[in-house]
Peer 1: 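Before we start, here is the structure in question, set down as structure tokens.
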Amino acid sequence: MSRIRAAAVLFLSLLAVGCHAYAPSSLTQLQPGDRVRTLVTQEQFDEFDEHLFGGDRLIEGTVVEADPGGVLLEVPVVTVTEGIRVESFSQRLRIPAPGVADVEIRSLARGRTYSLVGAIGVVLGAIAWDQLRGSRRGDSTPPPVPEEDIAVVIRIPFTVR
């Protein structure tokens, strides 16, 4: 039981750090389609106050176009679910260069991703090994067959912990 708890703690901690990371960048390095996190200045935030719902100076979005004069971001606003259909609504914000305090590009953190996949594999392997080992031990015995009735006994070995 302690092995499963340790694996669960490892899995949850890896899941918490996620499989992506942000790297510092500049407006001139941005390409259309890049996922970015942008910190705007307080003055720029005051201008966007009516357009931003989160109330945060940190804006995450996708670059539509970027030049030395500023960046045009597509920022997700809300996701609506109707049955099995999911629609995301977004808005485009043009942030001038003086309004950008910091910009970071989102990228895949391969080490974290491989660690997460490896941890999932170890957990699944440990569970499978434990089940196979338990069935080989023959811990449980089948119930006795009554002599007066014909009965079919199906033995399904599993362990509940």
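Hydrogens, waters and symmetry mates play no part in the numbers below; they use all other heavy atoms, side chains included. Each residue takes its place number in the sequence, starting with 1. Please read all numbers here as calculations on a predicted model, not as lab measurements.
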Peer 1: Which residues pass the ring-ring contact (aromatic ring centres under 6.0 Å, His included) test with Y22, sequence neighbours left out?
Peer 2: H20

Peer 1: Are L39 and V63 grouped together when hydrophobic residues (ILVMFWY) are joined by side-chain heavy atoms under 4.5 angstrom apart?
Peer 2: no

Peer 1: Quick one: OG1 on T62 to CZ on R35, what's the gap to the nearest 0.5 Å?
Peer 2: 4.0 Å

Peer 1: Do the side chains of L72 and R92 get nearer than 4.5 Å, heavy atoms only?
Peer 2: yes

Peer 1: Are Q44 and I95 close enough that some pair of their side-chain heavy atoms sits under 4.5 Å apart?
Peer 2: yes

Peer 1: Report yes if the side chains of V64 and L73 come closer than 4.5 Å at any heavy-atom pair, otherwise no.
Peer 2: no

Peer 1: Out of curiosity, E87 CD to T81 OG1, how far, rounded to the nearest 0.5 Å?
Peer 2: 9.5 Å

Peer 1: How close do G61 and P76 get, counting heavy atoms only, and between which atoms?
Peer 2: CA-CD, 4.4 Å

Peer 1: Is there a side-chain contact between L30 and L27 in this structure, where contact means two heavy atoms from C-beta onward sitting under 4.5 Å apart?
Peer 2: yes

Peer 1: Tell me yes or no: between the side chains of S90 and E74, is some donor less than 3.5 Å from an acceptor?
Peer 2: yes

Peer 1: Side chains of T38 and L58: does their closest heavy-atom pair fall under 4.5 Å?
Peer 2: no

Peer 1: Hydrophobic clusters here meaning ILVMFWY residues chained together by side-chain heavy-atom distances under 4.5 Å, can you tell me if V122 and W129 are in one?
Peer 2: no

Peer 1: Does some side-chain heavy atom of D102 sit less than 4.5 Å from a side-chain heavy atom of E104?
Peer 2: yes

Peer 1: Write down the atom of S25, the atom of Q29, and the distance for their closest heavy-atom approach.
Peer 2: OG-OE1, 3.0 Å

Peer 1: With distance as the sole test, does R57 use its side chain to make a donor-acceptor pair with the main-chain N or O of V40 at under 3.5 Å?
Peer 2: yes

Peer 1: Quick one: list whatever passes side chain to side chain contact (heavy atoms under 4.5 Å, CB included) with D46, sequence neighbours left out.
Peer 2: Q42

Peer 1: Output yes when a side-chain donor or acceptor of D34 lies under 3.5 Å from a complementary backbone atom of Q31, and no otherwise.
Peer 2: yes

Peer 1: Would you please test T41 and V100 for side-chain contact (heavy atoms from CB on, under 4.5 Å) and show each step?
Peer 2: CA-CA 6 Å; T41 62; V100 176; over 6 Å; no

Peer 1: Ignoring hydrogens and geometry, is there a side-chain-to-backbone donor-acceptor pair from D67 to G69 under 3.5 Å?
Peer 2: yes

